[in-house]
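Reading through the structure tokens given below for one structure.
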Amino acid sequence: MTDYKISIDSSDDKKSKKGLLWGLLSLAALLLVFLSFTAVRAYQYKNFRSAAELSEVQLQNLQDYLQSTYSENYEILQNLPYSISKPNLDVWAKSAILLDTSNGNIIYEKNADEIIPPASMTKLFSMYVVEQEIEAGNLSYDDIIPLPPESWACNMPPHSSLMFLGEGQRVTLEELLLGLSICSGNDAAYALAYTICGNMEDFVERMNKIAEDLGLENTHFVESSGYSELNTTTAREMAAFCCKYLQKYPESLARYHSVQKFTYPKERNLAPGDSLRAQDFSNGFPRHITMSITQRNTNPLLGILDGVDGLKTGYIDESGYNLSLTARRNGNRFLSVTMGGPGNSSSEGQAGRVHDGKELMNWAFKTFADFDMGLYTHPYFVKAYCASEKGINIVPAYEPSHLTVPYISGDNVEESVANVKVAVDINKNHWGAVEQGEICGYLRFYLDEYLLQEIPLVADRDLKKANFIIAASDKLILKFLPLIQR
């Protein structure tokens with residue numbers, strides 16, 4: 001019988017142990033690399049304070065998305081973000097609207113979409129065109145403006161409001177604007193139209209382009225003075241325009257619309273060889289106006305109602321007595337437009353304007369005041385984990401500058417404003433992918449327990465989800481986040 005001796009080669013065992021050891025060392029090395037990577041990433045997160053700036057393309061995409069998705073919040077005029085019962089106001093005008101100019105919130109309306117000729121409120125559009133030309137550097141307030149025959153007082157339609165321009169006079173652009181706003185001069189309107197465009201037709205086209213750009217579908221002009229009944233608008237659309245006018249050219253209130261009287265012509269305005277002297281106007285207007293005439297602002301509430309500093313009256317038989325009125329008290333500004341006011345005479349029409357203006361403005365200032373939202377409507381930085389970037393901004397879907405606060409708390413409306421509370425509802429840390437415009441939280445404004453306004457907070461950019469290694473690293477970081485943030 002043959003004995004077989006089995007021998008085991010110890011070299012295989014050694015190789016196996018060596019392979020295991022190298023595997024463990026490699027794993028340890030990988031773990032060390034991973035932990036080092038995680039430590040560096042954790043340090044970066046700890047010191048990360050702001051998101052990367054958006055590119056122009058990203059910024060434009062965000063603006064386009066928000067204006068499309070939240071279009072009603074980007075309109076000039078908007079409904080209040082909360083509900084109120086309709087006030088029982090005694091407004092005589094056929095059509096009326098009242099709003100907070102800081103945000104365009106409508107707080108009262110009556111037949112606000114009825115189409116009515118604006119009459120001399122038309123001149124506000126003329127002034128807007130002129131201000132555009134000054135802004136563009138094409139005109140200066142001190143420019144001497146030539147007066148074509150179409151602008152002379154003697155050539156104006158009967159019953160026109162006038163500043164009394166005449167042949168050969170020297171008048172500055174600023175004087176024409178004062179004559180337009182204070183005296184409601186139709187002659188001034190014609191002088192400005194011919195100065196800027198050389199004719200009425202092209203100037204009116206400029207006015208209509210403004211209305212079109214603002215989305216005013218029922219506002220249309222055929223001439224710039226407001227004399228024609230074919231000029232049309234509504235209280236709502238005129239209020240929207242006035243809001244835009246005040247936003248772009250707020251200095252016009254002190255410069256023109258709140259000036260209480262205007263004297264013209266002065267000695268310096270007269271044609272060479274003329275001097276100031278009394279004239280006989282019984283047979284119409286002479287070509288050479290040489291009598292100095294002082295007129296008061298046609299706005300009957302200037303100096304009568306607290307805070308009133310604008311804006312413009314209008315009257316023709318077809319429109320009734322119109323008034324765009326604005327007033328400011330304690331930092332709050334309201335605007336009303338009343339159209340189709342009653343009256344069989346100028347004194348009756350003015351009385352109606354005074355009545356409605358006081359009724360609307362006194363109620364507005366007693367019932368509402370503004371809360372400044374500027375401290376809260378800003379981007380909120382959020383750290384992003386397991387994502388293609390380490391952070392994003394969460395931005396308001398729209399940014400009203402002020403919140404119109406109703407008087408429902410405290411002893412007066414100012415105490416209501418003081419009682420407003422703000423809640424910012426967002427997660428400080430974001431996980432994974434996100435789409436630009438995705439809602440990531442809310443900004444809420446409360447008065448006592450009543451929610452006044454809720455604004456979505458949205459992601460300002462797209463983020464892709466990171467790979468599994470970054471995901472594992474970020475999960476570890478989040479687990480020990482309290483330690484990292486010390």
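This chain uses plain numbering: 1 for the first residue, then up along the sequence. What you see is a predicted model; the values in this text were computed from it and never measured.
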Which residue in the set M121, K94, E114 passes side-chain contact (heavy atoms from CB on, under 4.5 Å) when paired with M339? M121

Given side chains that start at C-beta, do those of L59 and E53 come closer than 4.5 Å, heavy atoms only? no

Polar contact flag, side-chain donor to acceptor under 3.5 angstrom, Y249-E135: yes

E438 (side chain) donor-acceptor with E435 (main chain) under 3.5 angstrom: yes

Will you find, in the side chains of D100 and S102, an N or O donor that is under 3.5 Å from an N or O acceptor? yes

Between K123 (side chain only) and S184 (backbone N and O only), is there a donor and an acceptor less than 3.5 Å apart? yes

Is there a side-chain contact between N231 and H220 (heavy atoms, below 4.5 Å)? no

Is it true that E415 and N419 share a donor-acceptor pair across their side chains at a distance under 3.5 Å? no

With the side chain counted from C-beta on, respond yes when M127 and L177 share a heavy-atom pair under 4.5 Å apart, and no when they do not. yes

Counting N and O atoms only, with roles assigned by atom type, does the side chain of H257 sit under 3.5 Å from a partner on the main chain of G310, one being a donor and the other an acceptor? no

Tell me, with the steps shown, if L457 and C440 meet side-chain contact (heavy atoms from CB on, under 4.5 Å). CA-CA 6 Å; L457 296 170; C440 298; 5.7 Å; no

Counting C-beta onward and ignoring hydrogens, is there a side-chain heavy-atom pair between P400 and N73 closer than 4.5 Å? no

Do any N or O atoms from the side chain of T298 and from the backbone of C183 form a donor-acceptor pair under 3.5 angstrom? no

After noting the C-alpha distance and the side-chain angles of N105 and N79, does the key distance pass the side-chain contact (heavy atoms from CB on, under 4.5 Å) rule? CA-CA 5 Å; N105 282 175; N79 293 322; over 6 Å; no

Quick check for you: to the nearest 0.5 Å, what is the distance between L311 atom CG and L323 atom CG? 8.5 Å

Per the side chain to side chain donor-acceptor pair (under 3.5 Å) rule, which among N218, T219, D113 passes with R236? D113

Atom of N330, atom of E414 and distance for their closest heavy-atom approach: ND2-OE2, 4.1 Å

Residue of the set L325, V308, T313 for which side-chain contact (heavy atoms from CB on, under 4.5 Å) holds with P300: T313

Restricting to non-hydrogen atoms, name the atom on S336 and the atom on L360 that form the minimum distance, rounded to 0.1 Å. CB-CD1, 3.9 Å

Donor-acceptor contact present, side-chain Q169 to main-chain G166, <3.5 Å: yes

Can you tell me how far apart OG (S83) and OH (Y450) are? Round to the nearest 0.5 Å. 5.5 Å

Not counting sequence neighbours, which residues clear side-chain contact (heavy atoms from CB on, under 4.5 Å) with E174? List them please. Y141, T172, L178, R255, Y256

Rounding to 0.5 Å, atoms OG1 (T263) and CD1 (I182) come to a distance of 9.0 Å

Where is the tightest heavy-atom contact between S95 and A112, given as atom of each residue plus distance? OG-CA, 3.6 Å

Output for pair (L335 CG, L77 CG), nearest 0.5 Å, gives 9.0 Å

If a pair satisfies salt bridge (charged side-chain N to carboxylate O under 4.0 Å, His left out) and one of its residues is in residues 296-316, list it, with sequence neighbours excluded. D306-R329, D309-R333

Would you call C242 and L124 a side-chain contact if the rule is heavy atoms closer than 4.5 Å? yes

Look at atom CG of N344 and say whether more than 12 heavy atoms of other residues, nucleotides or ligands are closer to it than 6.0 Å. no

Within the 4.5 Å heavy-atom criterion, are L66 and V458 side-chain neighbours or not? yes

If I take atom OG from residue S324 and atom CE from residue M238, how far apart are they, to the nearest 0.5 angstrom? 5.5 Å

Would you say D460 and Q436 make side-chain contact, with heavy atoms under 4.5 Å? no

So for atom CD, which belongs to E72, do other residues, nucleotides or ligands contribute more than 12 heavy atoms lying within a distance under 6.0 Å? yes

Salt bridge (charged side-chain N to carboxylate O under 4.0 Å, His left out) contacts touching residues 356-373 (sequence neighbours left out): none

Can you pull the salt bridge (charged side-chain N to carboxylate O under 4.0 Å, His left out) pairs that have at least one residue in residues 191-207, sequence neighbours excluded? E133-R206

Short side-chain to backbone donor-acceptor contact, Q295 and L162, under 3.5 Å: yes

How would you list all residue pairs meeting ring pair (Phe, Tyr, Trp, His ring centres under 6.0 Å) that involve residues 353-379, not counting sequence neighbours? W92-H355, F334-F365, W363-F368, H378-Y380

Got a donor-acceptor contact below 3.5 angstrom from the S160 side chain to the M156 backbone? no

Return each pair, listed once, that meets ring pair (Phe, Tyr, Trp, His ring centres under 6.0 Å) where at least one residue sits in residues 166-204; pairs must be two or more places apart or across chains. none

Quick one: are the ring centres of F125 and F241 less than 6.0 Å apart? yes

Using a 6.0 Å cut-off, check whether atom CZ of R328 has over 12 heavy atoms from anything other than its own residue. no

Plane angle bin for Y315 and Y321 - parallel if under 30°, tilted between 30 and 60°, otherwise perpendicular: parallel

Run D448 and Y446 through side-chain contact (heavy atoms from CB on, under 4.5 Å) and show every step you take. CA-CA 6 Å; D448 297 334; Y446 294 91; over 6 Å; no

Taking the side chain as every heavy atom from C-beta outward, state whether I196 and L139 have any pair of such atoms under 4.5 Å apart. yes

Report the distance from atom CG of L305 to atom CE of M361, rounding to the nearest 0.5 Å. 7.5 Å

Which heavy-atom pair separates L54 from Q58 by the least distance, and what is that distance? CA-OE1, 3.4 Å

For S225, does its backbone N or O pair with a side-chain atom of E223 as donor and acceptor, under 3.5 Å? yes

Search all heavy atoms of L147 against all heavy atoms of A191 and return the closest pair with its distance. CD2-CB, 3.9 Å

Could you walk me through whether T234 and I116 pass side-chain contact (heavy atoms from CB on, under 4.5 Å), step by step? CA-CA 6 Å; T234 67; I116 298 173; over 6 Å; no

Any sub-3.5 Å donor-acceptor pair from R353's side-chain atoms to N322's backbone N or O? yes

Report the residue from K266, R268, R170 that forms a side chain to side chain donor-acceptor pair (under 3.5 Å) with E175. R268

Using modelled atom types and a 3.5 Å cut-off, is there a donor and acceptor pairing between side-chain atoms of S319 and backbone atoms of P118? no

Hey, is CD on E217 packed in by over 12 heavy atoms from elsewhere, all under 6.0 Å? no

